[in-house]
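Here the structure is laid out as structure tokens; the discussion comes afterwards.
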Amino acid sequence: MKNEIRIFSPATVANVACGFDVLGFCLDSQGDEMVIRKTKEKGIKITYIEGYDLPYETDKNVAGVAALAMYENAKPDCGFEIEIYKRIKPGSGIGSSAASAVGSVFGMNELLGKPYNKTQLTYFAMKGEALASKSEHADNLAPAIFGGFTLVKSTLPLDILQIPTPTELYATIIHPQIEIKTSEAREILPKNIPLKDAIAQWANVGSLVHALHISDYKLIHRSLQDIIVEPYRKQLIPHFDDVKFSAMEAGALGCAISGSGPSIFTLNKGIEIAKNVKDAMSLIYSKTNIDFDIHISKINTQGIKIIN
Ligand code: HSE
């Protein structure tokens, strides 16, 4: 059995407009790399971090906390070292903390001979995600582990459904260079919502899931609406309404906040429309003094993977 592996841990888009805390999909254009190594000495050590200034203390690092959750359950006769090559900017809204959490548990599971299934890995990773966002949700973790689109039917007990990915779907994601902390973006949300809003939102979740199953792009378009969370969170993202308007004019099927923001994603039918949408979204931020980066990504149906 191997003693060391290098993995690609992908970025993800959570919520997918209407599915706050339950829906997500996996990207292939961005992700972290991590090296996980078995050691004779017991315990979990983070030995190298590149890219961003993150804590080396195991119990203060998302990857470390997730690793500890699994380690305490598995009680293996070895320890692990973790190297993190962080490419996804923390606080960007495309599952940076989820990628770290998923990377350590996936890597350790491989090196232990795969004692855990994907749902169990998601459970351990949730412990790391909770450190970052002060809430145990799995809508970034599940697509990073399973690939494609996922729906977290419940977190207690953890129950994850995989949803088919229509083949012509491309995402365009713009990341204005401001930081939004997930915990803060959650605090501004209302504790209660009107029943009529809940009805509209769960109708959209149902129709989006159905549309993904039957590759009905027009129904995807009609379902990608968030009437509950977006009105609060968009105030944290400068020029959100302008970006959304331009993206929709350029032909996007839908446009919404990626996770807790500030990234904004669109889903598009075909690469050509995705490119037009990229130009339209870029134009809005290029007229401001806010730096941004923007990516087109196919939906990553594989999820996290070994790269050596
Ligand atoms: N569902 C989460 C949120 C995703 O929107 O707060 C970000 O972790």
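Both ligands and their constituent atoms are indexed starting at 1 by order of listing. Treat the numbers as computed from the prediction; the structure is a model and nothing was measured.
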Output the list of atoms in ligand 1 that are nearer than 4.0 Å to some heavy atom of [X], sorted by atom number.
| X | answer |
| --- | --- |
| Arg233 | 3 (C), 5 (O), 6 (O) |
| Asn15 | 1 (N), 2 (C), 3 (C), 5 (O) |
| Gly259 | 5 (O) |
| Asn140 | 4 (C), 7 (C), 8 (O) |
| Phe20 | 3 (C), 5 (O), 6 (O) |

Who's closest to atom 2 (C) of ligand 1 heavy-atom-wise, of Leu189, Val152, Asp21, Ile94?
Asp21

Looking only at non-hydrogen atoms, which of Glu129, His137, Arg186 approaches atom 3 (C) of ligand 1 most closely?
Arg186

Heavy atoms only, cut-off 4.0 Å: how does Val229 contact ligand 1, side chain, backbone, both, or neither?
neither

Heavy-atom closest pair, residues Gln177 and Ile290
N-CG2, 4.0 Å

Heavy-atom closest pair (Leu54 atom, Ile49 atom, distance to 0.1 Å) is O-CD1, 3.3 Å

Tell me which one of Asn300, Ile296, Ile173 satisfies side-chain contact (heavy atoms from CB on, under 4.5 Å) with Leu27.
Ile173

If you count every heavy atom of other residues, nucleotides or ligands that lies below 6.0 Å from Lys38 atom NZ, does the total exceed 12?
yes

Taking NZ in Lys45 as the centre, count heavy atoms belonging to other residues, nucleotides or ligands within less than 6.0 Å. Is the count above 12?
no

Parallel, tilted or perpendicular, as decided by the 30° and 60° cut-offs, for the rings of Phe124 and Tyr116:
perpendicular

